[in-house]
Enquirer: 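I have a structure I would like to understand better, so I am pasting it below and will then ask my questions one at a time.
Worth knowing before you read on, the calculation uses all heavy atoms, side chains too, and leaves out hydrogens, waters and symmetry mates. Just so we're on the same page: letters track the sequence lines, and every chain starts at 1.
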Amino acid sequence: MLDIRLIRENPDFFATETAKRNSAVDINQVVQLDAQRRQKVVEVDALKAQRNEASKKIGQLKKAGEDAESAVLEMRQVGEKIAELDGEIRQIAQELEELILHIPNVAHESVPEGQNPEDNVVERTWGAPVERDFEAIDHKTLGENLNIFDFERGAKISGSGFPVYRGLGARLERALIQWFLDCHTQKWGFEEVIPPYLVNRKSMTGTGQLPKFAEDMYACDKDDDLFLIPTAEVPVTNFFADEILDAKSLPQKLCAYSACFRREAGSYGKDTRGLLRLHQFNKVEMVYFSHPEKSWEDHEELVGFAEQLLQDLGLHYRVLNLCKGDLGFSAAKCYDLEVWAPVENNWLEVSSVSNFVDFQARRARIRTRIDGKNTFAHTLNGSGLATPRVMVAICDNYQQADGSLVIPEVLRPYMGGLDVIRPDK
RNA sequence: GGAGGGGUGGCCGAGUGGUUGAAGGCGCACGCUUGGAAAGCGUGUUUACAGCAAUGUGACGAGGGUUCGAAUCCCUCUCCCUCCUCCA
């Protein structure tokens with residue numbers, strides 16, 4: 001959520017910047033509603049001041065046993081006027097809030113201009129494509145041959161987009177998750193949390209999934225008003241909602257494994273093969289609660305952690321600085337990490353590392369006290385990492401001519417020392 | 001699911017219709033005291049909105065109602081605790 005005071009001071013800037021991010025919200029209307037609301041507040045505050053004073057006098061009169069009837073009658077009328085104005089203010093405020101909740105964040109100055117994915121800027125590339133002398137097969141075929149994925153049974157149980165990992169595939173998936181978590185907690189100082197997978201409406205609004213993106217989420221029965229999390233970002237960022245964090249404790253670094261659930265409405269038929277786009281997948285998420293003056297440094301550090309994972313896996317990847325038009329709703333800046341999948345002949349997004357500055361913090365009321373003043377903290381997060389496309393990249397890069405799959409070295413301790421998965425197993 | 005109890009400031013805790021934004025305590029900050037510290041003493045210490053400011057208004061889990069006036073009375077919801085029931 002943007003600061004209404006800033007919008008009020010510089011409406012043109014916000015109109016231009018939010019338009020670049022495909023916002024449909026009319027900033028003019030926002031400014032007008034805000035002015036209306038404030039004008040009525042001033043009006044009603046004056047009436048309330050009058051009433052408070054009169055009430056005090058009435059109390060004194062009654063205590064002294066004197067007649068206060070005329071003042072009571074007069075105040076009854078003032079009370080009615082106050083109720084009327086309060087109602088109008090509430091309605092305007094609601095309308096205003098609804099609009100503001102739909103306005104995207106404003107991008108940082110280092111974010112490239114642009115509307116399309118082609119306008120994203122490649123910041124750097126690491127590694128190089130594998131070289132080999134045989135025709136590699138796609139991960140779906142490879143995985144089914146090796147009996148490590150079962151897409152048909154997943155579809156039977158739940159539908160397409162719900163894969164089953166089986167046997168050594170299940171173990172490999174678990175190895176990835178555990179190795180990710182161990183890096184975060186043992187090497188980089190994150191505290192691990194295991195959050196709820198169902199969250200309430202307030203939490204979904206706090207991180208910016210609601211109200212705008214309701215159709216992207218699985219929702220439970222209306223009576224419960226609970227939503228399946230699309231990412232651990234939601235429960236973990238809301239961990240400190242409504243709290244005031246000690247500035248000395250920042251950045252607070254939390255990480256979490258969770259299953260993630262996404263309806264992927266509107267992307268039917270896109271990347272449907274195998275593990276490329278799923279309704280349920282596994283991800284380890286990193287979340288930072290940062291000092292407002294340090295969040296940009298922290299953002300670079302965070303993307304570094306995600307990159308380190310890919311480097312340790314020996315996977316060729318690139319880092320994109322997303323342009324304004326491609327940036328997620330809540331982010332002020334976002335790096336996407338894309339891993340090279342040679343069989344797909346494509347770059348696959350495996351991580352998004354975002355700085356939301358105070359956008360989520362204002363919605364979720366996550367604050368910190370700086371020089372005696374309460375200020376919104378900055379929130380950041382990054383995938384570290386989402387497993388499915390990493391698994392695709394491993395399949396694409398680590399398969400051998402005989403149809404076996406070599407286990408990346410860092411994962412072998414988590415596989416009981418196993419170094420290769422063979423078709424006969 | 002049934003019965004009961006409770007949500008007040010950073011924390012504990014008083015307060016059942018009228019200068020109570022809130023006693024008292026703890027904690028914290030600053031000052032005095034000290035060679036230094038502790039103790040002691042003094043002062044200060046919630047937050048949002050409007051305003052250049054003085055100041056005004058709102059907020060005692062949330063929302064609604066009664067009243068000239070609500071932390072205090074009524075209704076709905078929510079969360080926590082205890083007991084019973086049920087269950088991995």
Enquirer: Considering all heavy atoms of both residues, which atom of His139(A) and which atom of Gly274(A) are nearest to each other, and what is their separation?
Expert: NE2-CA, 3.5 Å
Enquirer: Side-chain donor-acceptor contacts of residues 23-32 of chain A below 3.5 Å, not counting sequence neighbours, with atom names and distances?
Expert:
unit_1	atom_1	unit_2	atom_2	d
Ser23(A)	OG	Val25(A)	N	3.1
Asp26(A)	OD1	Asn28(A)	N	2.9

Enquirer: With a 4.0 Å cut-off, would you call Arg367(A) and Glu243(A) a salt bridge?
Expert: no
Enquirer: Nearest whole Å is fine: how far is rG51(B) P from Arg5(A) CZ?
Expert: 11 Å
Enquirer: Considering every strand shown, what is the Watson-Crick or G-U wobble mate of rA14(B) when both distances are under 3.5 Å?
Expert: none
Enquirer: Between P on rG51(B) and NZ on Lys40(A), what's the gap in Å once rounded to a whole number?
Expert: 17 Å
Enquirer: Can you tell me the base-pairing partner of rC32(B)? Count Watson-Crick or G-U wobble geometry only, both distances below 3.5 Å, and say none if there is no partner.
Expert: rG40(B)
Enquirer: What side-chain donor-acceptor pairs closer than 3.5 Å can you find for residues 408-421 of chain A, not counting sequence neighbours?
Expert:
unit_1	atom_1	unit_2	atom_2	d
Arg412(A)	NE	Ile407(A)	O	2.8
Arg412(A)	NH2	Ile407(A)	O	2.9
Tyr414(A)	OH	Asp182(A)	OD2	2.7

Enquirer: Check every strand shown and say whether Ala49(A) touches a base, only sugar-phosphate, or nothing at a heavy-atom separation below 4.0 Å.
Expert: sugar-phosphate
Enquirer: On RNA chain B, nearest-nucleotide positions of Val72(A) versus Val44(A): which is more 5'?
Expert: Val44(A)
Enquirer: Please confirm whether the shortest side-chain N or O distance from Arg51(A) to OP1 or OP2 of rG69(B) is below 4.0 Å.
Expert: yes
Enquirer: Within the 4.0 Å heavy-atom criterion, would you say Lys57(A) contacts the bases, only the backbone, or no part of the nucleic acid?
Expert: nothing
Enquirer: What's Arg362(A) touching, base or sugar-phosphate or nothing? Going by heavy atoms closer than 4.0 Å.
Expert: nothing
Enquirer: Rounded to whole angstroms, how far apart are CD on Glu43(A) and P on rA50(B)?
Expert: 17 Å
Enquirer: Looking at every strand, decide which applies to Arg365(A) at a 4.0 Å heavy-atom threshold: base, sugar-phosphate, or nothing.
Expert: nothing
